[in-house]
Amino acid sequence: MQRVVMAGLLLWASASAALEVEGVKLGDSAQVGTQALVLNGAGVRTKWFFKVYVGALYLPQKQKAADVVIADEQVQRIALHMLRDLGSKRLYGAFNEAIQANHDGAELKALSPQLRQMADIFDAIGEAKQGDVITLDYLPGGGTQIGINGTVRGTIAGAAFKRALLKIWLGGKPAQDDLKKALLGG
């Protein structure tokens, strides 16, 4: 009996422990608006051997299929925990490059007002410093809120923009294959 209780306690403790990636402790859940989300997966974005950020995907329920996550119209969060300082132009440039890789000319033309708005938001942020947390929260009917360290810096309307953002990490040509796998809980 005592062993069963001890095994249960160990199982409970390991299930409730937060995930740690590259020294960044990620919560098992996140609150976005009135919606409680669960950590779907997390991994490290690297570029030229530099660790740039720990990315975490939060969803209403766990999901392993990228196309389902991209198409889903429920509340979602991508959290980027910065591992190094990065200027807004470089950060926006990397986002824009990945969006272009996953969309054709007509889709990019349709997204151009939202992409300009995202560039303006990142310009206003200036620089993301090591330790900062950038959140990209999708709220159905409200759009994607871009925040840094808990402060919303702007909202971009449209589910198409949310899908374009998610394709950066989960699209057919993701920014990094192993990060895509990690975000999908792999």
Taking all non-hydrogen atoms of both residues into account, name the closest pair between Leu37 and Pro60 and its distance.
-> CD2-N, 3.5 Å
Side chains of Arg45 and Val54: closer than 4.5 Å at any heavy-atom pair?
-> no
Heavy-atom closest pair, residues Ile134 and Ala128 = CD1-CB, 3.9 Å
Do Ile99 and Ile168 have side-chain heavy atoms sitting under 4.5 Å apart?
-> yes
Does any donor atom in the side chain of Glu73 or Tyr138 lie under 3.5 Å from an acceptor atom in the other side chain?
-> yes
May I ask you to decide if Gly43's main-chain N or O and Gln176's side chain share a donor-acceptor pair within less than 3.5 Å?
-> no
Is there a donor in the side chain of Arg84 and an acceptor in the side chain of Gln130, or the other way round, less than 3.5 Å apart?
-> no
Check: Leu91 and Glu127 side chains under 4.5 Å, non-hydrogen atoms = no
Would you say the side chain of Leu170 lies within less than 4.5 Å of the side chain of Leu57, judging by non-hydrogen atoms?
-> yes
Just wondering, are more than 12 heavy atoms of other shown residues or ligands nearer than 6.0 Å to CZ in Arg90?
-> no
About how many Å separate CD1 of Ile125 and CG of Asp132, when rounded to the nearest 0.5 Å?
-> 9.0 Å
Just by distance, do the side chain of Asn102 and the backbone of Gly172 share a donor-acceptor pair under 3.5 Å?
-> yes
What closest approach, in Å, do Leu165 and Phe95 show between heavy atoms, and which atom pair accounts for it?
-> CD2-CD2, 4.3 Å
Ile146 vs Thr155 side-chain heavy atoms within contact, under 4.5 Å = no
From Gln76 CD over to Thr144 OG1, what is the distance, rounded to the nearest 0.5 angstrom?
-> 8.5 Å
Glu22 side-chain N/O to Val24 backbone N/O, donor-acceptor pair under 3.5 Å = no
When you look at NZ of Lys62, are more than 12 heavy atoms from neighbouring residues, nucleotides or ligands closer to it than 6.0 Å?
-> yes
Hey, is the main chain of Pro174 close enough, under 3.5 Å, to the side chain of Lys167 for a donor-acceptor pair?
-> no
Are any of the side-chain heavy atoms of Thr46 and Val52 separated by less than 4.5 Å?
-> no
Under the 3.5 angstrom rule, does the side chain of Lys162 hit a backbone N or O of Ile70 as a donor-acceptor pair?
-> yes
Are the side chain of Gln35 and the backbone of Val32 linked by a donor-acceptor contact shorter than 3.5 Å?
-> no
Is there a donor-acceptor pair under 3.5 Å between the side chain of Tyr92 and the backbone N or O of Gly87?
-> no
Below 4.5 Å, heavy atoms only, C-beta onward: do Val21 and Val44 meet side chain to side chain?
-> yes
For Tyr58, does its backbone N or O pair with a side-chain atom of Asn40 as donor and acceptor, under 3.5 Å?
-> no
May I ask you to decide if Lys173's main-chain N or O and Lys180's side chain share a donor-acceptor pair within less than 3.5 Å?
-> no
Does a side-chain heavy-atom distance below 4.5 Å link Arg77 with Leu136?
-> no
Distance-only, no hydrogens or angles: does the Gln117 side chain make a donor-acceptor pair with backbone N or O of Asp120 under 3.5 Å?
-> no
